Each structure stands twice: as C-alpha cells, then as structure tokens.
Amino acid sequence: TDTLNQEAGSADGQSTVDRSVITTGWVTITVTDPMDAAAEAARITESVGGRIDSRSEYAPRGGDGGSATLTLRIPSKDLTATLDKLKKLGEVQEVSLSATDVTMESQDLDARITSMRASIDRLTALLAGATDTDSLIALETAISDRQGQLESMEAQQRFLADQVSMSTVTLNLVTEQVVADPQPVTFLDGLVAGWNAFVAFFAGLLVVIGVLIPWLVWDVVRVFRAPGAGVRAEFTETGRHRVVLQVPAILIGWVVGNV
C-alpha cells in the first residue's frame, strides 16, 4: 500500500509540473484585399504583445487579386482569442495547429546548465589556489571550454523558452481565383466557338434592326407626306408621265448617319 501511495504521489507530483509546449500552425483565409487584411492582422497581433517575424505581399497576377503571407508570433496564452479575431478578416479556408511537448527537453537542459555552472565555480575556486604554471594553464583551459558550452546551452534555453511562450502561426491571405474562359484547343472547339460567335453577332444585329425599324418607318411616312419631298414628277417629250422615287437614297443616308 505504501508503495502504491508513493507511486500515486509521484504521478500527482509529475502532473502538477508545468508543461512546456510549443504550438505551431497555419491559417488560410480568403479576403477581399490582402494588403489591407495583412495590415489589420499585424495590428491584431501586436495589440496582444506579439510580433511579425516575416511578411510577404504579392501583386495580383494570373486571374487572382493578389495575396499576402505573414509569420505571426503570438503569446501562447492569447493564441485562441487572437485566432478568433484573425478569422473575422474573411472566409476561413483552413486552420491547422500542432503542439509539441518539450517538457523533458527543457528540464534536461536546465539541469545541464545548473551542473555546468557548478563545475565552472569549482574550477574557478581551484584556479584561485593554483601555484604552478601548468595547473594555471590547465584550469584556465578547462574553464574556457566549459564557459563556451554553458553559453551554447543558455542560447538553446532562451530559444526554447521563446518557442514555448510565443506560438508561431503562418497566415495566408488569398483572394478568390477568377477562372478565365477556356480557349479552343481542337478543330471542333474552334468550330463551336465560331458558331456561337456567329449566332451572338446576328442576335445583336436583329436587336439593332428592331431598334431602327420604327425610326425608318417614321422617316418614310414623313417623306411621303411632305409635298414635293419624296416624289418628283417629270414629263417626257411625248407627254408621258414618269415618276422618280427618291426614298431609297433618303433611307440610305439616314442609316449611314445614325449607325
């Protein structure tokens, strides 16, 4: 029973240890204006104490409206709330987050740093009491070597702490792709495209004719009703009466002037 209690106590004690977790991920959002959305994303991130590690903006090309990619460093404690704000920039297409537990690595690094500092302190104390040259040189070399290792481990410790405290999220801001009309690639496709263009042309031509007919009729009626304007009577030497119509010329002139 005592053994079981001790194991339970050890398990409880281990569960109460603060976990060191590195959270990374990416988010893809469709927006109207990627440049404006990128500026707003930067403002949201900085408002919670985060920062922008990288930012790339791309002009519109190939039928899209441009895009932007940002690498956001967001305080881990504010990650969920910040993501909720970022999602409001547009239509969310994809969200992916992953967490890596580095508790054991962090604890091991802390222990190694503590041990190295203690070793340097002992060597420094020995150096203070050394009397011969060989001992001084050996101790100074050992201290220098351990000092270099300590600085390297401390750099790793700072990097690990930064990764744990600040989550890394890659934000992709894109626009809807505009699909261009497919170009004909075979003879049959070209034939179909030509026929469709032919039908569309004559459909438009019929519309134009339908618009012009009332005006043409009006001009014809006006010409015939005006005295002496539409018909000129001429008499030949034999006294026969000949009528020369001028209406066609009037109609052609009207069409040329109005089309």
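Worth saying up front: this structure is predicted, and the values here are computed from it rather than measured.
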So which residues get pulled into Met35's cluster when ILVMFWY side chains under 4.5 Å apart are joined, directly or through others?
none
Non-hydrogen atoms of Leu123 and Ala142 that approach each other most closely
CD1-CB, 3.8 Å
Could you tell me if the side chain of Thr45 sits less than 4.5 Å from the side chain of Ile52, heavy atoms only?
yes
To the nearest 0.5 angstrom, please state how far the CG atom of Leu171 sits from the CD1 atom of Ile29.
5.0 Å
Sequence neighbours left out, what passes side chain to side chain contact (heavy atoms under 4.5 Å, CB included) with Ala99? Give chain and number order.
Val21, Thr23
Under 3.5 Å: donor-acceptor pair, side chain of Thr114, backbone of Asp110
yes
My understanding is that only residues two or more places apart in sequence, or in another chain, count here; which of them pass side chain to side chain contact (heavy atoms under 4.5 Å, CB included) with Ala39?
Arg55
Atom pair CG/OG1 of Asn172 and Thr28 - distance to nearest 0.5 Å:
4.5 Å
Okay, side chain of Thr103, backbone of Ser20: is any donor-acceptor separation there less than 3.5 Å?
yes
Distance-minimising heavy-atom pair for Ile44 and Ser47
O-OG, 2.6 Å
Taking atom CG of Leu150 and atom CD1 of Ile120, what is their separation to the nearest 0.5 Å?
4.5 Å
Show the atom names and distances, to 0.1 Å, of all donor-acceptor pairs under 3.5 Å that link a side chain in residues 91-98 to residues at least two apart or in another chain.
{"residue": "Gln93", "atom": "NE2", "partner": "Thr30", "partner atom": "OG1", "Å": "3.0"}
{"residue": "Glu94", "atom": "OE2", "partner": "Trp26", "partner atom": "NE1", "Å": "3.3"}
{"residue": "Ser98", "atom": "OG", "partner": "Thr24", "partner atom": "OG1", "Å": "3.1"}

Is it true that Ser167 and Ser76 share a donor-acceptor pair across their side chains at a distance under 3.5 Å?
yes
Give me the other members of the hydrophobic cluster that Ile137 sits in, counting Ile, Leu, Val, Met, Phe, Trp and Tyr linked by side-chain heavy atoms under 4.5 Å, directly or via other members.
none
Members besides Val102 in its Ile/Leu/Val/Met/Phe/Trp/Tyr cluster (side-chain heavy atoms under 4.5 Å):
Ile22, Leu160, Val164
Spell out, as yes or no, whether a donor-acceptor pair under 3.5 Å connects the side chain of Arg73 to the backbone of Asp162.
yes
First locate atom CG of Asp36, then atom CD of Glu40, and finally report the distance between them rounded to the nearest 0.5 Å.
9.5 Å
What side-chain hydrogen bond (donor to acceptor under 3.5 Å, both in side chains) pairs are there with at least one residue in residues 142-154, not counting sequence neighbours?
Arg117-Glu154, Ser119-Arg146, Asp145-Gln149
Side-chain polar contacts of residues 79-88 - donor-acceptor pairs under 3.5 angstrom, sequence neighbours left out - could you list them?
{"residue": "Thr82", "atom": "OG1", "partner": "Asp78", "partner atom": "O", "Å": "2.7"}

Can you find a pair of side-chain heavy atoms, one from Thr69 and one from Leu173, that are under 4.5 Å apart?
no
Atom pairs and distances, side-chain donor-acceptor, residues 126-133, under 3.5 Å, sequence neighbours left out:
{"residue": "Asp132", "atom": "OD1", "partner": "Ser135", "partner atom": "OG", "Å": "2.8"}
{"residue": "Asp132", "atom": "OD2", "partner": "Asp134", "partner atom": "N", "Å": "3.4"}
{"residue": "Asp132", "atom": "OD2", "partner": "Ser135", "partner atom": "N", "Å": "2.8"}
{"residue": "Asp132", "atom": "OD2", "partner": "Ser135", "partner atom": "OG", "Å": "2.8"}

Can you name the side chain to side chain contact (heavy atoms under 4.5 Å, CB included) partners of Asp121, sequence neighbours left out?
none
Could you list the cluster mates of Val174? Members are the ILVMFWY residues connected by side-chain heavy atoms closer than 4.5 Å, either directly or through other members.
none
Minimum heavy-atom distance between Ala68 and Ala38, given as atom pair plus value
CB-CB, 4.0 Å
Considering residues at least two apart in sequence or located in another chain, which fulfil the side chain to side chain contact (heavy atoms under 4.5 Å, CB included) criterion with Arg112?
Asp108, Leu109, Met153
Nearest-0.5 Å distance, CD1 of residue Ile74 to CD of residue Glu46
11.5 Å
I need the minimum non-hydrogen distance between Thr175 and Gly66, along with the two atoms involved.
OG1-O, 3.4 Å
Would you say the side chain of Val27 lies within less than 4.5 Å of the side chain of Val169, judging by non-hydrogen atoms?
yes
